[in-house]
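First up is the structure itself, then whatever we jot down about it.
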2 protein chains.
Amino acid sequence: MTNPLRLESLEALDAIDRHGSFAAAAAALYRVPSAISYTISQLENDLGVAVFDRSGHRAVLTPAGRLLLDEGRRILTATRELGAAARRVADNWEPELRIAVDGLIPPTDLWPAIAAFGAEHPAINVRLTEEVLGGTWEALIDDRVDLAVGVADPPAGAGVRRTAYADVAFAFCCAPHHPLAERTHAVTEDELRSHRAVVVADSARRLSPRDAGLLDGQPRLTVASMASKVAALEHGLGVGHVPRAWVAEALAAGRLVELPLERPREAAQTWLLWRSGAPGRALEWFIRRLGGDRDQPMPRASQMRS
Amino acid sequence: MTNPLRLESLEALDAIDRHGSFAAAAAALYRVPSAISYTISQLENDLGVAVFDRSGHRAVLTPAGRLLLDEGRRILTATRELGAAARRVADNWEPELRIAVDGLIPPTDLWPAIAAFGAEHPAINVRLTEEVLGGTWEALIDDRVDLAVGVADPPAGAGVRRTAYADVAFAFCCAPHHPLAERTHAVTEDELRSHRAVVVADSARRLSPRDAGLLDGQPRLTVASMASKVAALEHGLGVGHVPRAWVAEALAAGRLVELPLERPREAAQTWLLWRSGAPGRALEWFIRRLGGDRDQPMPRASQMRS
DNA sequence: CCAGGCGTTCGAAAAGTTTGAACGAGTATG
DNA sequence: CATACTCGTTCAAACTTTTCGAACGCCTGG
């Protein structure tokens, strides 16, 4: 049993319903009424089903006709969209762009770019995932994302290109009611060691996980994301370094306090990474927007962009 | 811009991918290779997009071709299914049958019938909702469902037909640690009045709600469903009548105890209801299966069917 | 009752598809 | 390195399908 349904029949059905009569539909399709009659009776023959009830003066849809009309419209739409999507792909626009943002960068950082992209290219989907440390790199290498944003120390790796993204400065924080908050002078490493550190777990599935900026012997609370880490710090569960952009508001509101450190952690240079090879145009759009001119990959002086 | 995509092109594309070459696809479609060439180049012209890369010996899909193939298959499937669905509708099978089951009946009661129906008619969807008292009737009248199962006192109403369903017997229950559980002799109405009754709220949205089997002046806890009522009783929040089928297991396990009543509530006759008019065949199937021979609507002697 | 719109039917004309043969190009096989 | 085979394309001719235009019968509204 081969496919017994023609798109032209559905198109005709749609036009008839839209314009109210065979004659009007014919006019709308720049055809003669008999052609519409022919198309519909062909549909009815193919299907072995009455689509219109002609017992009255004007033809009226049967229940089966109603179903064909309603569902047929979905098929027509899908078909038209498929045509458009194919054209876009041929023009090197990806149907979907997948972006991983590293825990160092608040995802809100990307919203303006994503909103602007969505306004320009409403038909292209953007999928944003959040990863931590090696997980961001791994998502790119494993082809789970097309663009990695805010990776701090990308391993040397063939097949990956990069351009500078933001410098991320850290604040060493704890809750106001945390014992360390009493301190007025810079905290030494020895003092630190007796307080629990909140750390974010590397989200790598495959590569060996690494932890960042930790003193040996310090007790830990490991959480899954930077957002959880901030929440944990606010609840006084420990201390830790957090990118300033993540805690600016909490510091201003007094939910967290910043502690001076004897050896403060220096700002981290972060990168925009993508696989080399022919990038799609959506990827190029984001590289240009987020990374600026990628032919001059130099570290940016700014901290986080808002 | 009219629709520039033909189903035959997608069909050809599918056949080429499935059989590995233009020639094999042609054979599978009982056509000559040049016809396939023609169809594909027509697709490429319509779309203005290369679907195959012919630079090598064998034609190989471009990314756009890949998209057309993958998405095109979905469209082909949808189209075929639409044809089949239209035939079913013309044959008086509903695309979806909506059933409301009254709170008196455990929904599990219907599972065997629904499973059997699904096995016979896998393409017809069944939507099961749960309603209480007037809500069941109202869902039917408002055309939110096609069949109402287990309605106890259907109001006289034109345009509705019915046949007997199960007789529902009630058990008056409370938790074993409830004060009334101490009683060894039949409970009088006066005694009852001082204990909270758990009642199920009528789910009617429009019609005036009614409450069943309540003594005036008795404090109440109103819950949304029979399942909640059973749970409330088990937690000792009150007392109340429950259809035996809902609590057989809880009584056997000792999570509830049955109390003898001075004036026990008599079993309720329940009905299967549907709107009169030409019933679809799925509806007929369920009426026949659940209600037996509907030309002899007589109360059934059994209690609940399992 | 008449004018006008509706949808169908039919033969003829137009448009579109399929065919088969010929061709060039690539790939296995000996 | 021939040879035989398969692949996909092109082209004119045969064929099929769709569209057209005119004629017709039906119903509705004035």
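Residue numbers begin at 1 in each chain, while the letters A, B, ... track the order of the sequences.
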Measure up the B/Phe117 and B/Trp285 rings against each other and bin them: parallel (under 30°), tilted (30 to 60°), perpendicular (over 60°).
-> perpendicular

A/Glu8 atom CD is separated from D/dT17 atom P, nearest whole Å, by 13 Å

In whole angstroms, the gap separating C1' of D/dT18 from CG of A/Leu7 amounts to 16 Å

- Got more than 12 heavy atoms from elsewhere within 6.0 Å of CZ, A/Arg205? no

From CG of B/Asp53 across to C1' of D/dC7 the rounded distance in Å is 15 Å

From CZ of A/Phe22 across to P of D/dT19 the rounded distance in Å is 14 Å

First and last nt of DNA chain C near chain B, cut-off under 4.0 Å to heavy atoms, 5' to 3', are C/dG16 to C/dT27

Q) For A/Gly159, does its backbone N or O pair with a side-chain atom of A/Ser276 as donor and acceptor, under 3.5 Å? A) yes

A/Arg58 atom CZ is separated from D/dG29 atom C1', nearest whole Å, by 13 Å

field: Sugar-phosphate only, base, or nothing, as touched by B/Ala23 at under 4.0 Å among non-hydrogen atoms
entry: sugar-phosphate

Original post:
OP1 or OP2 of D/dT19 less than 4.0 angstrom from a side-chain nitrogen or oxygen of A/Arg31, does that happen here?
Top reply: yes

Between A/Tyr30 and A/His57, whichever has its closest DNA chain D nucleotide further toward 5' is A/Tyr30

* To do: Tell me what B/Ser41 touches on the nucleic acid: a base, only sugar-phosphate, or nothing, going by heavy atoms under 4.0 Å.
  => nothing

Here the distance between atom P of D/dT16 and atom CD of A/Gln42, to the nearest Å, is 16 Å

Check the side chains of A/Tyr165 and A/Asp109 for a donor-acceptor pair under 3.5 angstrom, ignoring hydrogens and angles.
yes

Of A/Ser34 and B/Ser21, the one whose closest nucleotide on DNA chain D sits nearer the 5' end is B/Ser21

Note: A/Ser203 and A/Glu131 closest approach over all heavy atoms is OG-OE1, 2.6 Å

request  = Determine yes or no for a side-chain-to-main-chain donor-acceptor pair under 3.5 angstrom, with B/Thr62 supplying the side chain and B/Val51 the backbone.
outcome  = yes

note: B/Ile36, atom CD1; D/dT10, atom P; distance rounded to Å ~ 15 Å

Does B/Arg162 qualify as a cation-pi partner of B/Trp271, given the criterion of NZ or CZ under 6.0 Å from the six-membered ring centre and within 45 degrees of its axis? yes

